[in-house]
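Here the structure is laid out as structure tokens; the discussion comes afterwards.
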Amino acid sequence: MKWLDKIGYTPLVIVAILLGMAPLDPEPHLWQKLKMLFGGTLVRPLDIFDLFFHGAVPALLILKISKTMLKTSQK
């Protein structure tokens, strides 16, 4: 996963915030889809796509942070 090392934190954080919080009204899609997932109502293909679309970059950011923390703990 060397491609993840090439991506800086700043672009990941900015895009993660923008996609994670969009749209703000009535509530962010990511939050709405996570509630649907844990409530067992995430069944429509569009809702599943929305979850992946809005959650992909935040997931990458979490993966990058985890990878960095593992590298520093192994030294």
Side-chain angles (χ1 to χ4, degrees):
M1 283 211 265
K2 294 184 185 228
W3 58 271
L4 190 57
D5 294 333
K6 295 178 183 178
I7 303 172
Y9 277 103
T10 304
L12 274 178
V13 169
I14 290 171
V15 175
I17 290 171
L18 289 174
L19 277 178
M21 297 302 293
L24 290 174
D25 188 37
E27 65 183 343
H29 270 357
L30 184 58
W31 178 248
Q32 180 185 32
K33 302 311 175 195
L34 286 172
K35 287 190 336 188
M36 290 173 70
L37 177 67
F38 291 113
T41 59
L42 188 73
V43 292
R44 291 182 11 197
L46 181 63
D47 292 333
I48 295 168
F49 172 77
D50 261 356
L51 176 63
F52 284 112
F53 179 74
H54 289 278
V57 179
L60 280 177
L61 180 61
I62 291 169
L63 186 63
K64 184 172 177 75
I65 291 169
S66 301
K67 188 175 177 185
T68 303
M69 290 175 68
L70 280 174
K71 276 185 185 178
T72 57
S73 69
Q74 291 177 352
K75 289 183 179 182

Measure the CE-CH2 distance between Met21 and Trp31 for me, rounded to the nearest 0.5 Å. 11.0 Å
Looking only at non-hydrogen atoms, find the nearest pair between Pro58 and Leu30 and report the distance. CG-CD2, 4.3 Å
For the hydrophobic clusters of this structure (ILVMFWY residues joined by side-chain heavy atoms under 4.5 Å, transitively), does one cluster hold both Phe53 and Ile7? yes
Shortest non-hydrogen contact between His54 and His29, atoms and distance: NE2-CD2, 3.3 Å
Value for OG1 (Thr41) from NZ (Lys33), rounded to nearest 0.5 Å, stands at 9.0 Å
Between Pro28 and Gly20, which heavy-atom pair has the shortest distance, and what is it? CB-O, 3.5 Å
If you group Ile, Leu, Val, Met, Phe, Trp and Tyr by side-chain heavy-atom gaps below 4.5 Å, do Leu18 and Tyr9 land in one group? no
ILVMFWY cluster, Leu19 and Leu51 together (side-chain gap under 4.5 Å): no
With a 4.5 Å cut-off on side-chain heavy-atom distances among I, L, V, M, F, W and Y, is there a chain of contacts connecting Leu61 to Phe52? no
Could you state whether Ile62 and Phe38 fall into the same hydrophobic cluster, counting links through intermediate Ile, Leu, Val, Met, Phe, Trp or Tyr residues with side-chain heavy atoms under 4.5 angstrom apart? no
Between the side chain of Lys64 and the main-chain N/O of Leu4, is any donor-acceptor distance below 3.5 Å? yes
Point-to-point distance, once rounded to the nearest 0.5 Å, from CG of Leu42 to CG of Leu34: 9.0 Å
Any chance you could lay out the side chain to side chain contact (heavy atoms under 4.5 Å, CB included) test for Asp50 and Met36, step after step, and finish with the verdict? CA-CA 11 Å; Asp50 261 356; Met36 290 173 70; over 6 Å; no
Picking from Leu12, Val15, Ile65, what satisfies side chain to side chain contact (heavy atoms under 4.5 Å, CB included) with Leu60? Leu12
